[in-house]
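To keep things clear, I will list the structure first and then write my remarks on it.
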Amino acid sequence: MAQQAAGARGSRLEIVAARGGSGGSSAGDAEAPPLDVLRQDSLYRDATRPAHGHHGQESWMRTLRLGFQCVGILHADLGTSPLYVYQNTFKYGIKHEDDILGVLSLIIYSFVLFTMVKIVFIALHANDDGDGGTFALYSLISRYAKVCLIPNQQAEDELVTRYNDHGKPPATLRRAQWMKRQLEKKPAKIAVFFLTIFATALAISDCVLNPSVSVLSAVNGLKLRAPHLTTDEVVWITVGILVVFFAVQRFGTDKIGYTFAPVVVVWLLLISGIGIYDLVKYDVGVLRAFNPKYIIDYFRRNKKDGWVQLGEVLLTFTGTEALFADLGYFSIKSIQLSSTFVLLPSVLCTYIGQAAYLRKHMDEQHIQNAFFNSIPRPLFWPIFVLAIMTSVIGCQAMVSCAFATMSHLQTLNCFPRIKILHTSRRYSGQLYSPEVNFFLCLLSCVITLSFRTTGFIVKAHETVYLSAVLYKFTHGPYMPLAMSAVLMVIMFVWHYVHVKRYKFELEHTVSPNKVRELLERRDLKRVPGVGLFYTELVQGIPPIFPHLIEKIPTIHSVIVFISMKHLPIPHVDVSERFLFRQVEPKECMVFRCVARYGYRDSLEMANDFVTTLVEYLQYYIRDLNLYNTVEPLKISCPSIRIDSFSWDRRPSGHGIYAEEMLTPIQSFSELTMHPVGMSSRLAQFQTTKMSLEEMLKIEEDQKLIQREVDNGVVYILGESEVVAKPHSNLLKKVVVNYIFNFLRKNSRKGEKMLSIPRRKLLKVGITYEI
């Protein structure tokens, strides 16, 4: 019978587990423990406590709040497209009055099919636990197939909540297994990674172009009431507005959304009202454009010119990708609700009203600034002010997209280190990056000053209507491709060298015998305190450790090798964060630890991290002594096991070995909760009666850890410089020795990313030749 005394850390605890045997029990035999035995400690309670969700009215209130923010953050960009669509589509004039109906029909069906059907009602559901964007999908694929180029996968990761929690029917599972095998081939891995960074680079380039187009289009309307304004003056006014817009980004998406949403709501209501007014006043007959036959007639009549103008029609839904990329900021319901009942009717009414106006005013002077020309004269100034404000707000969706994308790039080691701030306590996906914000501002201003008119800038969008845009490649579309090429080089170089460095460390891990030899050296001195040795390696002791011992034969009384690892899931609960393993000899108090985070989790401040680490390390020390097995306990697992926390190489097969999973979450009592036939394996546990001496030993080890923490914590960071081998080819030398090292020297330092106090920091330098 299992008896447990719940209480504080190190309290008396007695566990008796059954011996093997199937016969009846006698007075001298211990009874088999019941399958519902639970460990009564705070760790297990935290791990099994259900999340507090929203119910009923609370859930809808949250959806409405987020929907209101969606209007301010996501819909302003699409809501300002009417400022420039018609004037760019008909910049060479209107050849036939029915061309207006053809273009309007294209606008209606492009917006409905691409924005509403494809993105809002289909693509939003292809998310990673509520997170959208290219890298979120890449992370989702990485969970089910080993497409990641960095070999740091661990079998224990698959036990994290929500890692693989989607059951599949047998037929679907067979297809998925076949696809998994194809994706895990090296060419497929490289292809998936290349497509991911290519799509990401294009999206970030669009984030640079969008502010210039939106704001410049709105400011151009000023020429109708101030014709003396020159193009240079309009451009500089635009630059000033852009600078102010990027300056307020530091206040966070949450505050910006609530502040700007009322402005956008008023804007959408006004332009839809003006659209209805123009429809009634000028030509109700434009409603015939809902008949798609006008699209066919348009292309039949204009042939090549109609196809070329298709590149301008895409401006109707540029910025739509932000609805998916910014999903982590909001929710599916909130985006669908606001898009269906606010965005769609407002935008369509505006396009229909402008088309009605142009049917009666087909001369060139009315086509230029068609939006402002169609406004009733008394409403010009209020609409102009709102247009400026909404255009600025419209940039927010793409800027938020850039922040979210850069955060994902960081977690997958595909971009140099930059500062990422979480700006909302309520919504974890709302981010801000000072460095990204600065470069977006700089590039947007440079593009505005260089191109000077929206005609050149709008041609620089790349999207679905690619062929029509590429026809006019030299007139602007080369800009996003050039920016994307630069971004792809940065991402590729950073990730390539990172993978090479990781594989070098993996191949040169220190063997157990070498570690024992180092720790038992007679000239090795132990100083009071805890040394936290940061390393990216999760599979062993990094080669920088013997390098440190050789130079300075002194280490702290307690050493913990820490690997900060981001899993391809949005969040990892703190109760599942740490994996521990003690390094032999045990009396030296050396541990290895993997701290696991989701790609949307923020890193704690150094002091908070140490507090949590020590707490779970003490749990581990207790569990390590409490739960022993006669032989390795094998747990069924659907994926091939990886020797993550073990130096001993076993034949590859299916399963996870208990001695490799020395994390408190997967100790004895939790194993009984897994529906994997554990009842037949409980007999493998050794009958253990915890003696007073053993309990005192556990308590003493725990007190030792706390005492050394009180003596002081030192953070040890390895500064590994990477250079190409002397016999490497010229390209590799340029990539590693020059481009990568330039990026590394100009990125944020590791101690700043981890918020480590400088007075407690110790750096160890080493050079790797790859």
Side-chain angles (χ1 to χ4, degrees), residues 71-72 75-91 210-245 248 256 259-279 281-282 315-316 319 342-343 346-347 349-358 361 364-397 444 448 452-455 457-458:
V71 177
H75 299 334
D77 182 25
L78 291 166
T80 54
S81 295
L83 288 171
Y84 46 80
V85 171
Y86 280 119
Q87 72 181 53
N88 284 286
T89 304
F90 294 122
K91 58 181 172 294
N210 185 271
S212 302
V213 176
S214 300
V215 180
L216 188 56
S217 298
V219 177
N220 271 328
L222 193 59
K223 288 185 176 181
L224 293 179
R225 294 295 182 268
H228 61 279
L229 278 178
T230 65
T231 301
D232 287 343
E233 290 171 334
V234 170
V235 167
W236 281 108
I237 292 173
T238 302
V239 169
I241 294 173
L242 288 174
V243 170
V244 174
F245 165 73
V248 302
I256 293 173
T259 304
F260 289 166
V263 177
V264 181
V265 170
V266 173
W267 164 261
L268 292 175
L269 290 176
L270 274 177
I271 64 173
S272 60
I274 292 172
I276 295 172
Y277 169 82
D278 289 339
L279 173 66
K281 180 178 179 180
Y282 296 110
L315 297 173
T316 306
V342 179
L343 177 66
S346 300
V347 169
C349 285
T350 307
Y351 285 121
I352 292 171
Q354 283 189 60
Y357 173 82
L358 290 175
H361 304 84
E364 187 176 348
Q365 66 177 0
H366 288 93
I367 295 174
Q368 293 180 355
N369 272 324
F371 175 83
F372 288 103
N373 283 320
S374 66
I375 296 172
R377 192 174 183 86
L379 293 179
F380 174 83
W381 286 110
I383 292 295
F384 173 75
V385 173
L386 279 173
I388 295 291
M389 297 177 67
T390 310
S391 297
V392 173
I393 298 167
C395 307
Q396 185 64 48
S444 295
T448 303
R452 301 166 65 82
T453 63
T454 57
I457 302 175
V458 295

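From a predicted model like this one, the values you see are computed outputs, not experimental measurements.
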When every non-hydrogen atom of V85 is compared with those of Y351, the smallest separation belongs to CG2-OH, 3.5 Å
With V215 as partner, the option from T448, L242, L83 fulfilling side-chain contact (heavy atoms from CB on, under 4.5 Å) is L242
- Item | Test item: S212 side-chain N/O and S444 main-chain N/O as donor-acceptor pair under 3.5 Å | yes
Between L279 and Y357, is there a side-chain heavy-atom distance shorter than 4.5 Å? no
dist W267:CH2 -> I388:CD1 (nearest 0.5 Å) comes out at 9.5 Å
- Check step by step if side-chain contact (heavy atoms from CB on, under 4.5 Å) holds for I271 and F371. CA-CA 10 Å; I271 64 173; F371 175 83; 3.9 Å; yes
Under 4.5 Å between any side-chain heavy atoms of I383 and I274, yes or no? yes
Between A370 and Y86 the two heavy atoms that sit nearest each other are CB-CB, 4.4 Å
Q: Determine whether the side chains of T316 and S81 contain a donor N or O and an acceptor N or O closer than 3.5 Å.
A: no
Correct closest heavy-atom pair for Q87 and I367 would be CB-O, 3.5 Å
Closest non-hydrogen contact found for V263 with M389 is CG2-CE, 3.8 Å
Between the CD1 atom in I276 and the OG1 atom in T350, the distance rounded to the nearest 0.5 Å is 9.0 Å
Problem - K223 side chain vs N220 backbone, donor-acceptor pair below 3.5 Å - result: no
* **Residues, nucleotides or ligands: over 12 heavy atoms within 6.0 Å of E233 CD** => yes
So CG of D278 and CD1 of I352: to nearest 0.5 Å the spacing works out to 11.5 Å
When rounded to the nearest 0.5 Å, the distance separating SG of C349 from CG of L269 is 10.5 Å
Whether H361 and Y282 hold their rings parallel, tilted or perpendicular, with breakpoints at 30° and 60° = perpendicular
Here the gap from F245 atom CZ to S391 atom OG, rounded to the nearest 0.5 Å, amounts to 11.0 Å
Heavy-atom closest pair (A218 atom, A387 atom, distance to 0.1 Å) is CB-O, 3.7 Å
### Message
Using side-chain contact (heavy atoms from CB on, under 4.5 Å), reason through V265 and V342 one step at a time and then give a plain yes or no.
### Response
CA-CA 8 Å; V265 170; V342 179; 5.5 Å; no
*In terms of ring plane angle, is the pair F384 and W381 parallel, tilted or perpendicular, where the classes change at 30° and 60°?*
perpendicular
Note: V264 and A76 closest approach over all heavy atoms is CG2-CB, 3.8 Å
